[in-house]
Amino acid sequence: MLSSIIGGTRIPAGPRPYRSTDPSRTADVVAEVSLADAGDLVRACAAARTAQDAWRDVPPPVRGQVIAAIGRLVEANKEALARVVTREIGKPSAEALGEVQEIADTCAFFLGEGRRLYGQTVPSEMPDKQLFTFRDPVGVVTVITAGNFPVAVPSWYIVPALLCGNAVVWKPAEYAAACAEAFYRLFAHAGVPEGVLNVVYADGQETYQGLERALGQGLVDKVGFTGSTEVGSRIGALCGRHLQSPCLELGGKNPMVVTEDADLPLAVEGALFSGFGTAGQRCTSLGTAIVHESVHGEFVRLLDEATRAAVVGDPAGDVLYGPLIGERFADGFEKVLGWIGPHHTVHGSSATGRITAAAPRDGFTGDAEAGLYYHPVIVDGVGPDDELFMNETFGPIIGVTPYRTLDEAISLANAPGYGLSASIYTTDPAKVFAFRRRISAGMVSVNNSTSGAEAHLPFGGNGRSGNGSRQSGMWVLDQFTRWQSMNWDYSGRLQKAQMDVLEISPDLGFRL
């Protein structure tokens with residue numbers, strides 16, 4: 001039985017058990033978890049507050065050495081951690097290995113940032129006076145993450161937060177508890193002090209209530225949240241009441257524009273991966289392919305052909321995707337499938353909905369009766385009047401719509417109001433820069449899929465996809481540090497800025 005870890009100590013199991021199961025074999029229990037309550041989250045934040053003072057005073061280059069040790073431990077345990085991800089989340093082995101590598105890549109970047117938490121020496125307008133700027137840690141960071149990327153996304157928050165001298169309270173998804181437990185153990189064995197990283201297993205309601213209380217008691221200085229737009233909006237409002245700006249990484253309805261001059265086979269390859277990889281359960285998954293009318297029919301034909309040929313099934317094998325993460329996600333995807341209307345044309349598989357003996361799929365490799373496996377779906381003919389076009393779907397489904405002009409394509413791409421990732425396939429540089437300038441997305445890909453961020457680029461979105469905060473690379477340092485300025489006047493007299501400034505009078509009437 002797993003339970004929360006507060007101040008380096010595992011708390012006693014309580015009366016609220018939860019079972020995390022393997023989505024490819026739902027009868028297989030991966031972990032039994034004792035869910036914490038709101039009070040436990042508050043106590044974790046208090047423990048983090050107590051531990052943060054000493055951690056802040058550890059020199060940043062030494063904190064960087066801890067980050068380096070985390071990276072080495074992750075690389076040494078890469079296969080084992082990836083197996084946990086595959087078993088608990090249903091992510092194919094190759095993708096799980098890539099996710100674990102992302103932790104190592106994040107550590108590789110930030111281990112050196114401990115020696116580069118630069119401030120600046122700024123010239124003063126006064127003599128015998130110096131101006132300085134410093135980066136200070138914000139304090140206690142509460143991180144709440146979803147489970148579709150159960151170890152990579154937490155590292156985007158936790159690694160830089162620790163590097164900057166903060167203490168962390170992490171609330172992972174309860175359905176990814178085994179992944180979270182393995183993640184925590186690697187960090188603890190790398191030398192992260194007790195209380196500097198705390199793990200609280202809790203459901204959404206108790207987490208929100210605990211966060212509300214902790215913010216009210218002044219125990220939390222920064223909130224990071226990855227999850228749905230709806231929940232992110234509530235957390236943003238809660239933080240706003242305490243004059244805090246959270247780091248919100250929310251949903252996506254990511255467009256891919258395919259122009260008349262695009263390399264169609266390449267575009268189809270990108271659509272297949274970004275639409276159906278991880279069973280479409282990524283915030284960066286392809287939502288709608290917006291295809292020029294002159295190549296629309298051929299694109300749909302090629303995508304249908306590639307999708308039917310793709311292997312779906314047991315995530316331990318070489319498959320395009322495995323099961324949906326859990327029953328809750330399967331129920332949500334069933335609702336999405338209900339948005340398909342008579343004016344749509346469906347492609348991609350031998351059926352829609354769950355893969356069963358009565359609705360089989362050619363080449364399927366899993367146990368259909370045991371797991372949460374679903375047919376891939378391509379829906380042609382979607383548009384702004386469709387819920388399927390306007391909303392995140394979080395499952396193996398791609399919408400397709402034609403367009404005539406690039407202006408129309410960009411308008412369609414921006415219509416749902418999300419702004420996370422967008423892609424364009426074209427051989428025309430003019431189209432690339434016109435698209436980049438007017439698309440609302442925080443991330444743009446050219447001749448590449450909507451999924452696949454690298455660990456040293458800013459990651460994040462706008463609109464319904466987030467509040468403009470960015471993760472990864474040097475940009476995330478602004479989430480986990482605060483700038484402090486200092487002026488030091490050693491002149492021995494009071495010098496008043498903007499008043500006691502030496503004035504040099506030019507002769508502005510001079511003419512040649």
Side-chain angles (χ1 to χ4, degrees), residues 48 51-52 55-75 99-119 134-146 149-172 180 183-184 186-188 190-193 195-199 220-226 244-249 442-443 453-461 466-484:
Q52 194 264 329
W55 181 242
R56 176 197 59 206
D57 291 339
V58 173
V62 179
R63 297 197 297 258
Q65 293 174 17
V66 175
I67 299 305
I70 294 168
R72 289 196 294 270
L73 279 172
V74 167
E75 289 178 335
E99 176 169 351
V100 175
Q101 183 60 45
E102 196 159 343
I103 309 172
D105 292 346
T106 298
C107 290
F109 181 88
F110 283 104
L111 66 90
E113 290 304 298
R115 297 183 183 274
R116 289 189 295 271
L117 285 176
Y118 297 143
F134 302 88
R135 280 191 185 270
D136 285 336
V138 296
V140 173
V141 177
T142 297
V143 174
I144 304 165
T145 56
F149 281 83
V151 293
V153 167
S155 75
W156 295 356
Y157 291 102
I158 295 171
V159 169
L162 295 177
L163 184 279
C164 290
N166 303 284
V168 176
V169 176
W170 176 33
K171 203 299 285 187
F183 184 96
Y184 171 81
L186 292 173
F187 276 58
V192 176
V196 172
L197 175 59
N198 306 270
V199 182
V220 175
D221 303 291
K222 185 75 177 185
V223 177
F225 173 77
T226 294
Q244 288 193 22
S245 174
C247 182
L248 301 177
E249 199 279 287
M443 301 179 290
E454 296 191 36
H456 51 285
L457 274 178
F459 185 101
N467 61 345
S469 56
R470 293 294 182 263
Q471 297 169 306
S472 299
M474 64 181 183
W475 298 271
V476 77
L477 297 177
D478 287 333
Q479 297 299 316
F480 298 121
T481 58
R482 292 190 178 116
W483 284 107
Q484 183 185 65

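The structure presented is a predicted model; accordingly, all values stated were derived computationally and were not measured.
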Closest heavy-atom pair, C247 versus Q471, reported as atoms and distance to 0.1 Å, is SG-CG, 3.9 Å
* Is a side-chain donor or acceptor of D221 paired with a backbone partner of V141 at a separation under 3.5 angstrom? -> no
Across all chains, not counting sequence neighbours, the side chain to side chain donor-acceptor pair (under 3.5 Å) partners of E454 are none
Residues passing the side-chain contact (heavy atoms from CB on, under 4.5 Å) test with L117, sequence neighbours excluded, are P60, R63, R135, L163, C164, L477
- May I ask you to decide if P160's main-chain N or O and Q479's side chain share a donor-acceptor pair within less than 3.5 Å? no
Between P246 and N467 the two heavy atoms that sit nearest each other are O-ND2, 2.7 Å
For E99, the side chain to side chain donor-acceptor pair (under 3.5 Å) test, sequence neighbours excluded, returns K91
CG (L457) and CE (M474) are apart, to the nearest 0.5 Å, by 10.0 Å
Between I70 and V192, is the side chain to side chain contact (heavy atoms under 4.5 Å, CB included) condition met? List the steps. CA-CA 9 Å; I70 294 168; V192 176; 4.2 Å; yes
Could you check whether any side-chain N or O of W55 sits under 3.5 Å from a backbone N or O of L162, counting only pairs where one atom can act as donor and the other as acceptor? yes
All heavy atoms of Q484 vs all of D136, minimum pair found to be OE1-OD2, 3.5 Å
Return a table of donor-acceptor pairs under 3.5 angstrom between the side chains of residues 103-112 and protein atoms on other chains or two or more places apart.
residue, atom, partner, partner atom, Å
D105, OD1, Q101, NE2, 2.9
T106, OG1, E102, O, 2.8

Heavy atoms of P150 and W170 approach each other most closely as O-CZ2, 4.1 Å
Only one of T145, I144, V159 passes side-chain contact (heavy atoms from CB on, under 4.5 Å) with P154, and that residue is T145
For K222, the salt bridge (charged side-chain N to carboxylate O under 4.0 Å, His left out) test, sequence neighbours excluded, returns none
Contacts of A51 meeting side-chain contact (heavy atoms from CB on, under 4.5 Å) (sequence neighbours excluded), chain-then-number -> V196
Residue pairs meeting salt bridge (Lys or Arg N to Asp or Glu O under 4.0 Å), one or both in residues 106-119, sequence neighbours left out, come to E113-R116
Those residues at least two apart in sequence (or on a different chain) that pass ring pair (Phe, Tyr, Trp, His ring centres under 6.0 Å) with F459 are W156
Sorted by chain and number, sequence neighbours left out, ring pair (Phe, Tyr, Trp, His ring centres under 6.0 Å) with F187 holds for F183
The side chain to side chain donor-acceptor pair (under 3.5 Å) partners of T226 (sequence neighbours excluded) come to Y157
| message | Is any side-chain heavy atom of D478 closer than 4.5 Å to one of W483? | response | yes
Here the pair of heavy atoms bringing S472 nearest to A455 is CB-O, 3.6 Å
P137 meets the side-chain contact (heavy atoms from CB on, under 4.5 Å) criterion, sequence neighbours left out, with Q52, R56, N166
